[in-house]
Amino acid sequence: MSDKKSWKEHEGTVLHSVEDFDVIDCELCGFKHIIPIPDEDELREIYKHDYHVKDKPLMLEHQLEDREWLDSINDARLATLEKISNGTGSFLDIGSGNGFLLGQAKKRGWTVKGIEPSDKAAQYSCSQGLDVECAVFDQECADRLDQFDVVHLGDVLEHVPYPRAILNLCNQVLRPGGLIAIGVPNEYTPVQKILSEDMSTRPWWVNPPHHINYFDKNSLEGLLSRCGFTTCHSEVSFPMELFLLMGKNYLDDPKLGRECHAMRKQLELNLTKSGNRDFLDKIYGCFAEAGMGRTVLVIAQKNTEQE
Ligand SMILES: [Zn+2]
């Protein structure tokens, strides 16, 4: 397990090998990713036709079912951004999916725009009256955009071949002092390690080529810092893999997965609706300290003086 491998200039200890890919703890990049890194054109095709349609056929259906919960999460995220930036402004969501966050932001007074590679998801967003363009966020796309006060990327960075290049483009479309908010799965957590190393559970989170990069709070903050951002807030979501430790093996059972998800949702809605959001944040702060949490969100400010 402690073998080192390299591909082009990327080198690091191999953590897992799945199909034709190895996950390495890359010394060059400062975060874990697969090698070989897939080709941009291959990925473009996967996301255009495949992702929401084939791999996630139930995504919109589930999101509509989760509407109240999703709205409460998006509201809390927007409230945090408004607190840091002293109000609303212009908001760009890269990989805006079905547009729920954008819709919520618009309601709160933000001027919103979305970029979404899946044609189905972009179409759905436009049908909801949102300004969403079906495109991949690349240099050409960044060049035709104005500057924004906030750029948001939810569940994007784990899928892109070169995260640093994307963050540099984000830097380009952010006004000086603007905020970037990045949400990614939190991987190689202590609970995942216990389950896979000590309890023979397969490393379910390793999912190439869809998941290219495997971040945690530290490696994401480190990457942001190297790209000209200073972290001002971070938080995690409920550590779903705790259910696996409690004997609820939802990995090969989508129905049980929905049940576990419903329990987490109920916990969050009960605390939010009863006016105890602060207590919820406190509990999740403890999870974060223990390196746990299914996803991690980092909000960082664009440095005003660039090298
Ligand atoms: Zn690397």
Side-chain angles (χ1 to χ4, degrees), residues 8 10 21 29 31 33-57 59-60 63 90-103 105 111-128 130-175 178-185 207-215 220 223-224 227-229 295 297-298 300 302:
K8 295 188 176 171
H10 303 271
F21 299 97
C29 297
F31 56 86
H33 65 77
I34 58 169
I35 53 168
I37 298 174
D39 183 65
E40 297 253 12
D41 291 335
E42 260 170 50
L43 292 165
R44 222 170 261 249
E45 278 310 299
I46 292 175
Y47 289 113
K48 194 157 182 179
H49 299 295
D50 203 67
Y51 196 60
H52 284 270
V53 188
K54 196 172 131 204
D55 290 2
K56 306 247 171 156
M59 192 181 243
L60 179 59
Q63 284 185 338
S90 52
F91 188 100
L92 175 68
D93 195 9
I94 295 165
S96 52
N98 291 315
F100 290 92
L101 176 65
L102 283 181
T111 309
V112 301
K113 179 163 183 72
I115 303 290
E116 168 55 45
S118 151
D119 40 15
K120 285 247 159 43
Q123 270 164 28
Y124 178 79
S125 306
C126 292
S127 79
Q128 303 300 301
L130 295 165
D131 175 9
V132 172
E133 200 181 309
C134 181
V136 170
F137 183 65
D138 53 13
Q139 186 68 56
E140 196 194 325
C141 176
D143 287 346
R144 55 170 194 265
L145 291 171
D146 293 329
Q147 286 202 317
F148 291 83
D149 296 308
V150 170
V151 173
H152 178 271
L153 298 104
D155 297 325
V156 170
L157 233 47
E158 69 273 28
H159 300 290
V160 302
Y162 300 101
R164 201 168 171 155
I166 297 291
L167 292 187
N168 289 337
L169 293 179
C170 290
N171 210 317
Q172 181 187 323
V173 298
L174 263 180
R175 68 159 177 81
L179 299 177
I180 189 167
I182 300 185
V184 287
N207 183 22
H210 282 114
H211 284 203
I212 297 172
N213 311 303
Y214 298 82
F215 292 102
L220 180 58
L223 176 65
L224 279 163
C227 292
F229 297 95
T295 59
L297 172 80
V298 173
K302 176 176 169 174

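- Contact detail for Phe137 and Ile115: the closest heavy-atom pair is N-CG2, 4.2 Å.
- Of the residues listed (Cys170, Cys141, Pro117), the one engaging Ile94 in a side chain to side chain contact (heavy atoms under 4.5 Å, CB included) is Cys170, and it is the only one.
- Within the structure, every pair that satisfies the side chain to side chain donor-acceptor pair (under 3.5 Å) test and touches residues 144-154, not counting sequence neighbours, is listed here: Arg77-His152, Ser90-Asp149, Asp93-His152, Glu133-Arg144, Asp149-Arg175.
- Tyr214 pairs by the ring-ring contact (aromatic ring centres under 6.0 Å, His included) definition with nothing, not counting sequence neighbours.
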With side-chain contact (heavy atoms from CB on, under 4.5 Å) as the criterion, how do His10 and Cys29 come out once you've worked through the C-alpha distance, each side chain's angles and the decisive distance to 0.1 Å?
CA-CA 7 Å; His10 303 271; Cys29 297; 3.3 Å; yes
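- Scored by the salt bridge (charged side-chain N to carboxylate O under 4.0 Å, His left out) test, Asp131 finds Lys113 as partners (sequence neighbours excluded).
- Without hydrogens or angle criteria, Lys302 side chain to Asn171 main chain gives a donor-acceptor distance under 3.5 Å.
- Every side-chain hydrogen bond (donor to acceptor under 3.5 Å, both in side chains) that Gln172 has, sequence neighbours left out, goes to Gln139, Asp143.
- The two residues Ser96 and Gly114 have their closest heavy-atom pair at OG-CA, 3.8 Å.
- Panel note: side chain Ser125, backbone Gly97; a donor-acceptor pair is recorded below 3.5 Å.
- Under the rule for a side-chain contact (heavy atoms from CB on, under 4.5 Å), the partners of Ala300 that lie at least two apart in sequence or sit in another chain are Ile180, Leu224, Phe229, Thr231.
- When the side-chain hydrogen bond (donor to acceptor under 3.5 Å, both in side chains) test is applied to Asp39, no partner is found at least two apart in sequence or on another chain.
- Under the side-chain contact (heavy atoms from CB on, under 4.5 Å) criterion, Val160 pairs with Val156, Leu157, Pro163, Ile166, Asn213, not counting sequence neighbours.
- Listed by chain and number, the residues in a ring-ring contact (aromatic ring centres under 6.0 Å, His included) with Phe91 are Trp110 (sequence neighbours excluded).
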